[in-house]
Amino acid sequence: MKPAIEWEIGSDPESLPAVREKLCAFARQCRWPEACTHDLALAVHEALTNVIRHGYGNVGGQPIRIRISKCVTTEGVEGIEVTIRDFGRQIDPASIRGRDLDEVRPGGLGVHIITQIMDSARYEPAEGGGMRLTMQKCPAKLVDPSSAST
Amino acid sequence: MSQANDLSVRIEDSPEAPQVSLRGEVDLRTSPALRTQLLELVGRKPKRLIVDLSHVEYMDSSGVGTLVEIKRHTDRKSVRMVLVNPQARVRSLFEITRLEKFFLIASTIDEALTL
């Protein structure tokens, strides 16, 4: 099984493109189709954006740990698990939910995007402060290795 | 042409229908500067504001939020804001956030001038 990747970034928007690239590379190595790969990267980008904005109040340079690994869901399907650990503000996980989309206004879309894209997303207060978000996604199908370009 | 991080913004100015062509990524890093530029154009009260998304490779909720905010400003000022040719990834984001009907979307600049 492909080994997990763990690394730490600062709470800066400039860190996000490199995270997306790393995620996409991991998903492609797992033979994920491009659309699913992009969706995964978008969901993680939104989760990190929420950490930067709400967990750290837009203060840069604060630590965020990211872990990507292959996983097997409770349904026995192989997918990718992403864990995001921050050390910012702790909040009640029950208060984290997407807003009503019938009200069209800027902002508040990140959690909705995450829950739409990912198969599961679990928020929990982390020991020692901050929050941990664990997300899993399984692709609808894998790319046929004989047709994959890489 | 101005450039902010990985987004380039080219504005073809016109009193009636300025055209804003975006190339690159509209996200948390780039959307604040874009917002300022678009608000400035809306403040001139043109008849239309055309935003060409043909070359936008990536957009996040900050980018979508910026477009929603600008659309609301244009609606209040009776300016017709038209988005042009969003690519599959951006269209998908509009669908996930159920905004595909909220925005006026044209396939080409020519179509945007007639909608």
Side-chain angles (χ1 to χ4, degrees), chain A residues 9-21 23-24 27 33-60 64 96 98-118 121 137 140, chain B residues 3-8 22-39 42 51 53 56-76 81 83 86-105:
Chain A
I9 62 168
S11 56
D12 309 287
E14 290 72 25
S15 304
L16 301 184
V19 174
R20 293 203 308 266
E21 282 176 25
L23 272 164
C24 288
E34 206 52 37
C36 284
T37 298
H38 170 77
D39 284 350
L40 176 73
L42 176 61
V44 173
H45 174 109
E46 294 296 340
L48 292 169
T49 295
N50 283 343
V51 170
I52 292 170
R53 279 181 165 169
H54 306 300
Y56 286 124
N58 290 314
V59 175
I64 305 174
I96 304 171
R99 67 169 170 78
D100 181 6
L101 295 185
D102 289 338
E103 183 197 354
V104 178
R105 61 174 168 82
L109 295 170
V111 173
H112 174 79
I113 291 170
I114 292 166
T115 53
Q116 284 293 302
I117 289 175
M118 302 304 286
K137 180 173 177 61
Chain B
Q3 189 152 7
N5 295 323
D6 293 323
L7 177 69
S8 73
L22 307 180
R23 181 178 292 270
E25 302 186 349
V26 185
D27 64 6
L28 185 63
R29 299 166 304 147
T30 59
S31 55
L34 175 63
R35 173 183 178 276
T36 302
Q37 287 175 294
L38 293 177
L39 281 176
V42 174
V51 183
L53 301 178
V56 171
E57 298 150 11
Y58 185 83
M59 186 178 290
D60 70 358
S61 63
S62 307
V64 174
T66 297
L67 293 178
V68 168
E69 185 185 354
I70 299 300
K71 173 80 163 55
R72 295 196 135 190
H73 278 280
T74 58
D75 288 348
R76 279 198 292 271
M81 173 174 154
L83 305 181
Q87 297 304 292
R89 288 175 177 179
V90 176
R91 277 188 185 274
S92 167
L93 185 57
F94 290 166
E95 285 164 16
I96 289 172
T97 51
R98 293 190 217 150
L99 290 166
E100 73 272 29
K101 298 272 194 297
F102 173 71
F103 293 122
L104 197 54
I105 298 176

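Just so it is clear, the values below take in all heavy atoms, side chains as well, and ignore hydrogens, waters and symmetry mates. In the text below, chain A, chain B and the rest are named by the order of the sequence lines, each starting its count at 1.
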>> Need one label for B/Leu93: side chain, backbone, both or neither, based on atoms under 4.5 Å from any heavy atom in chain A.
In response: side chain

> Heavy-atom count around A/Arg20 CZ within 6.0 Å, excluding the residue itself: above 12?
Replying inline: yes

>> Looking only at heavy atoms and a cut-off of under 4.5 Å, which of A/His38, A/Glu46, A/Gln116 has the most pairs with chain B?
In response: A/His38

> Testing A/Val59, A/Ile64, A/Asp12 for side-chain contact (heavy atoms from CB on, under 4.5 Å) with A/Ile52, which one passes?
Replying inline: A/Ile64

> Okay, side chain of A/His45, backbone of B/Ser61: is any donor-acceptor separation there less than 3.5 Å?
Replying inline: no

> Which bit of A/Ala35 comes within less than 4.5 Å of chain B, counting heavy atoms only: side chain, backbone, both or neither?
Replying inline: neither

>> Between A/Leu109 and B/Val64, does the side-chain contact (heavy atoms from CB on, under 4.5 Å) criterion hold? Intermediate values first, please.
In response: CA-CA 9 Å; A/Leu109 295 170; B/Val64 174; 3.9 Å; yes

